[in-house]
Amino acid sequence: MHPTDVDPGVTLAGRYRVAELLAETPGDGGVAQTWRAIDEVLSRSVVVHVLAADDPRAEQLLEASRRAATAADVRFIRVLDALRDDGVAYVVREWVAGRSLGALLADGPLPPQQAGLLVREVAEALARAHDQDLAHERLDPDSIVVTDTGSVKIVGLATQAALSGDGGAPHSETDAQRIDALGLGRLLYAALTAKWPTGPRSGLNAAPRAADGTLLSPRQCRAGVPRSLDEITERILSEHPRHGSPLTTPREIATALTEVVGVTPIEGVLPPGSIPAGREHGSRVSVPESHSSYSSYTDEPTQVGAPPVGGRPALNGTNGNSGAPTVHTSFNGDDQSSHMADEDEATRTAMRPRGTYPPPRTAPPRPYVTPSRRGPHWWRIAGAVVGLLLLAGAGLLGWQLMTAAFDNPGPNPTTSATGTTSPTSTPTRTAASGAVVPIASAEDYDPPPDGNGEEHPEEIRQAYDGNPSTMWTTMSYHNDPNLGGIKAGVGLWVDLGKVEDVGSVDVSLREGGTDIELLAAPESAASAPTGIDGWQRVASTSADSKVSLKPQEPVRARYLLLWLTKLPPDGGDYRGGISEIVVRR
């Protein structure tokens, strides 16, 4: 039987009834097909990879499946069976309902904390796999599935490389570690930017590069990426990183990410309800054109907490474990059938990452209170309401009297030209020139069409916190101090809380030379203008570190914009910064 002869309804090995074609992976010896099938013995969905027995990949795939079946970490999708039968070879793995990382990133990049936690989970699982002399060697966005419960599953340990025809020459452990480390770095880059660093992949566009071909960092692609995650990505993908030593193994990456994002279980970060509209049950997750055979569908319930089969109790897995009993696979000669064996609690406990998956807390039972048989005392309720109304009225009256007293302080004796006194109203007080005007709030400013709307918003408070050692910085720009030649400027605007007289604005800048302008919103503006044309330029200068911007004409405004049009050098790039802003009358 040639794989292309497999049709829906065909039963393989007298057990796996083929239901739906998921993907086809071409190779030198033919096309490998991936099907969703029904395991009629256990009444559950499985995934079956089928290829001709004489396909050059067949032996590699069967051998990789035998090795992958020994993986102890529950985050790897399990291999259930591997057979040769009737001229074909096929591998059976568990079905997991969820969405691939590629499908998740079609909606945009993940928040940085989620991205770091997700890749930390994958790195930790791969570090444990390498302890067993197992490697993946083919990580991409379709290798990672976020289940309907929010946990992480890794597809294709050892088998994806074999199915793709890359499993020929075995790699040394050092090479395998480095290959998986690079894969983790690309996953982190993709999770932070929704772009793939080596070219289009899994529905993601290629990451942008500088004019010299250098890959732009995540912070250069997307505003708001923390510097710590940006540096970890560089330490993985670059042989000569600018910050720290290279990270060349999954364990080193897991350790570095743990120091930044901690060990929060990913289930609490990617909740089950995260499937957006249009991706509900019954919709297909994208299947890449070329190689991926591991796409998931959401028209089947996840196996987490699945009902028991044949009256046997389901096991409570951790971190997205299937909840079904472990399937141990026999690969000895003709005895190629699967059999069921319960997984004891000690084994499951040993596979849990320490400090990551605390046991669920059981709330103490609430005491039972016998309900009163008497009806509600409506007169008491009415009395309470009347009392509250009287108190509110008394409070309002007191407030009005106090307000009237402050608004009408009485006559102010002033001496008249004849020497007598006459009552007048209190004169208006004017603030002294040079007095500091407090800043109520501030936001980064990177307007369209050239900007992407963000310039490190998490650092904005550092520009006016009274601490000169902290600083808000712009993104880094390549090749040209005028923001890479891609936009007119970036900056931040401040809200003074109300319209104020503005005499000057003192700014402490990142050293190295910055062109800066002060712009003001119209006095009547109810909010900060969204477009640069809505601001009025009132002062501009070039400065190395500190500058006082003074409008030539009197300015009254609530909103002020500090607009940077030329940035100082930062290594081989250009980046500006503001460590302190002081507005004066």
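Throughout, numbering of the chain's residues begins at 1 and tracks the sequence. Both backbone and side-chain heavy atoms feed into the values below; hydrogens, waters and symmetry mates do not.
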Test item: [X] side-chain N/O and [Y] main-chain N/O as donor-acceptor pair under 3.5 Å:
X	Y	value
Arg209	Pro197	yes
Glu459	Thr473	yes
Asp39	Arg44	no
Asp444	Glu455	yes

To the nearest 0.5 Å, how far apart are [atom1] in [X] and [atom2] in [Y]?
X	Y	atom1	atom2	answer
Thr248	Asp175	OG1	CG	11.0 Å
Leu257	Ile232	CG	CD1	4.5 Å
His456	Met471	NE2	CE	13.5 Å
Leu118	Ile144	CG	CD1	7.0 Å
Thr159	Glu63	OG1	CD	12.5 Å
Thr34	His49	OG1	NE2	5.0 Å

Under 3.5 Å, is there a donor-acceptor pair linking the side chains of [X] and [Y]?
X	Y	result
Ser217	Glu234	no
Asp230	Thr233	no
His130	Arg251	no

inquiry  = Heavy-atom count check: over 12 atoms from other residues, nucleotides or ligands less than 6.0 Å from Arg242 CZ?
reply    = no

key: Face-on cation placement of Arg36 at Trp95 ring, 6.0 Å and 45° thresholds   = yes

message = If we check side chain to side chain donor-acceptor pair (under 3.5 Å) with Tyr477, which of these qualifies: Lys487, Arg575, Gln220?
response =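 Option passing the side chain to side chain donor-acceptor pair (under 3.5 Å) with Tyr477: Lys487.
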
ask   = Ring centres of Trp563 and Tyr445 under 6.0 Å apart?
value =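 Yes, they do, as the ring centres are separated by less than 6.0 Å.
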
request  = Check Ala488 against Leu483 and note the closest heavy-atom contact, atom names and distance.
outcome  = O-CD1, 4.1 Å

message = Using the rule given for salt bridge (Lys or Arg N to Asp or Glu O under 4.0 Å), can you reason through Glu252 versus Arg235, listing the C-alpha separation, both sets of side-chain angles and the distance that settles it, and then say yes or no?
response = CA-CA 11 Å; Glu252 291 175 351; Arg235 292 172 64 190; over 6 Å; no

task = Kindly determine whether Leu139 and Arg186 satisfy side chain to side chain contact (heavy atoms under 4.5 Å, CB included), including the steps that lead there.
result = CA-CA 8 Å; Leu139 288 171; Arg186 292 164 186 160; over 6 Å; no

